Enquirer: 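One structure follows; several queries about it will come next.
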There are 2 protein chains.
Amino acid sequence: MRQAATVPDDVLKLSAWLPYRLFLVAAQVARPLEGFYGEAFGLSQAGWRILAVIAERDSANAAEIGRACALDPFAVSRGIGQLVELGFAVRRSGKLDRRTAAVSITRSGRNAFNRIAALGNAIEARLLSRLTEAEQATLGSALTRLEAESARIDAGGWRALLDDRGGS
Amino acid sequence: MRQAATVPDDVLKLSAWLPYRLFLVAAQVARPLEGFYGEAFGLSQAGWRILAVIAERDSANAAEIGRACALDPFAVSRGIGQLVELGFAVRRSGKLDRRTAAVSITRSGRNAFNRIAALGNAIEARLLSRLTEAEQATLGSALTRLEAESARIDAGGWRALLDDRGGS
DNA sequence: CAATATACTTGCATCGTGCAATTACCTATG
DNA sequence: CATAGGTAATTGCACGATGCAAGTATATTG
């Protein structure tokens with residue numbers, strides 16, 4: 001009964017694998033929200049993210065937006081285009097560097113944002129209602145470190161993952 | 001100075017919004033993994049998820065697979081098709097109900113799975129290395145409840161979110 | 001004042017996704 | 001036991017998202 005060879009230590013149970021669990025919650029919660037802003041405003045996911053970013057700034061250029069919501073320049077450009085078409089944002093060419101454009105939210109963009117944010121907050125509240133205050137605090141602090149570590153993992157690529165043990 | 005009207009309680013800061021934070025970690029961590037199994041095996045995300053599911057079962061039909069990895073029947077069918085083409089899975093028509101097919105992993109499918117799972121485990125280890133044991137336990141238990149609550153949110157759709165206060 | 005670099009945009013080819021229609025099969029009913 | 005209706009899975013097609021090459025406009029540098 002040399003069964004050991006058929007049970008490698010590489011087992012991975014999808015439903016218990018941390019990245020999948022995070023993905024699952026994020027995906028399940030994103031669907032109703034996307035449904036809402038899609039139907040109500042014809043907004044794409046990138047459009048919503050960008051709208052949220054410019055809602056909390058006076059203005060931002062494409063690079064800043066991309067950094068703030070993890071979108072590549074192409075997606076940012078198209079997302080801004082969509083918001084401008086919808087009348088939710090305006091582009092003004094940058095005063096200092098005219099290759100950049102200062103994007104800002106319009107009044108009707110802010111109205112849309114407020115409606116979507118209300119739903120977003122309701123979703124977050126539903127999730128948090130299942131956690132104690134202590135758990136919420138722990139989760140928040142843990143997520144900060146997970147965000148940093150996942151950014152490093154992403155930056156390193158898969159080749160870097162196969163040999164090295166642990167991190168700094 | 002009736003400024004209150006211009007500062008509604010609908011503010012939502014993307015970078016502090018729980019669903020976005022979960023999404024961000026999941027997405028950043030998924031990219032290197034997808035890069036790996038995409039280049040190495042020509043596998044899609046659905047293909048990888050299905051492979052992981054049939055790796056832990058003797059066989060499964062499409063409906064079971066879909067339930068286990070949150071994929072709709074179309075995606076499952078196409079994912080299985082891909083795995084069969086790659087030689088990673090075989091379909092045998094179900095003995096009890098011949099509308100269903102019993103899908104099982106092949107030897108070479110398991111080889112591929114083991115290689116990918118090694119990477120997946122490395123990623124998870126990197127993430128967990130940033131958390132204390134206590135935090136890992138709290139996160140695990142919190143995620144269980146978040147999974148359940150997000151499933152309810154998803155099932156209810158966005159209309160159910162706008163009026164009701166709290167949950168059960 | 002070229003030459004090169006940067007910020008962003010556009011076009012195009014490709015791929016994933018959603019949905020209607022289809023096939024094959026099972027089950028219940030008269 | 002024929003058939004009507006339901007279910008599991010698949011396929012075709014249309015559409016939108018995504019990735020990348022190339023283009024435009026502007027800035028910077030030697």
Side-chain angles (χ1 to χ4, degrees), chain A residues 23 27-28 30-35 37-39 41-50 53-54 59-86 89-104 154 157, chain B residues 23 27-28 30-35 37-39 41-50 53-54 59-86 89-104 154 157:
Chain A
F23 166 83
Q28 281 177 337
R31 207 154 6 190
L33 193 74
E34 286 180 29
Y37 62 61
E39 287 179 34
F41 305 111
L43 217 54
S44 68
Q45 186 189 301
W48 149 243
R49 302 237 289 260
I50 295 171
V53 168
I54 62 178
S59 82
N61 62 39
E64 288 164 350
I65 293 173
R67 235 172 293 121
C69 56
L71 252 30
D72 61 63
F74 308 116
V76 172
S77 176
R78 287 177 171 127
I80 294 172
Q82 180 180 63
L83 292 177
V84 170
E85 259 185 51
L86 292 169
V90 287
R91 279 190 243 242
R92 271 184 302 274
S93 83
K95 43 191 73 156
L96 214 129
D97 182 338
R98 288 200 326 213
R99 288 171 303 183
T100 70
V103 178
S104 17
D154 188 17
Chain B
F23 165 82
Q28 282 178 336
R31 206 151 9 189
L33 192 73
E34 286 180 30
Y37 61 61
E39 288 178 33
F41 305 111
L43 216 54
S44 69
Q45 186 188 297
W48 150 241
R49 301 236 290 260
I50 296 171
V53 168
I54 62 178
S59 81
N61 63 37
E64 289 165 350
I65 292 172
R67 235 172 294 123
C69 58
L71 252 31
D72 61 62
F74 308 116
V76 172
S77 175
R78 288 177 170 127
I80 294 173
Q82 181 181 63
L83 292 177
V84 171
E85 258 185 50
L86 291 169
V90 287
R91 278 190 244 245
R92 270 183 302 274
S93 82
K95 44 192 72 158
L96 213 131
D97 182 339
R98 285 199 328 211
R99 290 171 302 182
T100 69
V103 179
S104 19
D154 187 18

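Predicted model, so just to flag it, every value in this text is computed and none were measured. The chains referred to below are lettered A, B, ... by the order of the sequence lines, with proteins before strands, and numbering in each begins at 1.
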Enquirer: Between P on dT17(C) and CZ on Arg31(A), what's the gap in Å once rounded to a whole number?
Expert: 12 Å
Enquirer: Report the residues that fulfil salt bridge (Lys or Arg N to Asp or Glu O under 4.0 Å) with Arg31(B), sequence neighbours left out, ordered by chain and then residue number.
Expert: Asp154(A)
Enquirer: Quick one: list whatever passes side-chain hydrogen bond (donor to acceptor under 3.5 Å, both in side chains) with Gln82(A), sequence neighbours left out.
Expert: Ser44(A)
Enquirer: Under 3.5 Å between N/O atoms: give me all the protein pairs with nucleotides 4-9 of chain D, atom names plus distance.
Expert:
{"residue": "dG6(D)", "atom": "N2", "partner": "Arg99(B)", "partner atom": "NH1", "Å": "3.1"}
{"residue": "dT7(D)", "atom": "O2", "partner": "Arg99(B)", "partner atom": "NH1", "Å": "2.8"}
{"residue": "dA9(D)", "atom": "OP1", "partner": "Ala62(B)", "partner atom": "N", "Å": "3.0"}
{"residue": "dA9(D)", "atom": "OP2", "partner": "Ala63(B)", "partner atom": "N", "Å": "3.0"}

Enquirer: Do the side chains of Leu71(A) and Ile65(A) get nearer than 4.5 Å, heavy atoms only?
Expert: no
Enquirer: Please enumerate all residues that pass side-chain hydrogen bond (donor to acceptor under 3.5 Å, both in side chains) together with Arg67(A), with sequence neighbours excluded.
Expert: none
Enquirer: For Asp97(B), enumerate each residue passing the salt bridge (Lys or Arg N to Asp or Glu O under 4.0 Å) test, keeping only those at least two apart in sequence or located in another chain.
Expert: Arg99(B)
Enquirer: Find every protein N or O atom lying less than 3.5 Å from an N or O atom of nucleotides 16-21 of chain D, and list the pairs.
Expert:
{"residue": "dG19(D)", "atom": "OP2", "partner": "Asp72(A)", "partner atom": "OD2", "Å": "3.3"}
{"residue": "dG19(D)", "atom": "O6", "partner": "Arg78(A)", "partner atom": "NH1", "Å": "3.3"}
{"residue": "dG19(D)", "atom": "O6", "partner": "Arg78(A)", "partner atom": "NH2", "Å": "3.1"}

Enquirer: Under the ring-ring contact (aromatic ring centres under 6.0 Å, His included) test, which residues partner Phe41(B), sequence neighbours left out?
Expert: Phe88(B)
Enquirer: Take atom CG of Leu83(A) and atom C1' of dC8(C), then tell me their distance rounded to the nearest Å.
Expert: 16 Å
Enquirer: Sequence neighbours left out, what passes side-chain hydrogen bond (donor to acceptor under 3.5 Å, both in side chains) with Gln28(B)? Give chain and number order.
Expert: Ser150(A)
Enquirer: Apply side-chain hydrogen bond (donor to acceptor under 3.5 Å, both in side chains) to Ser59(B) and list each qualifying residue two or more places apart in sequence or on a separate chain.
Expert: none
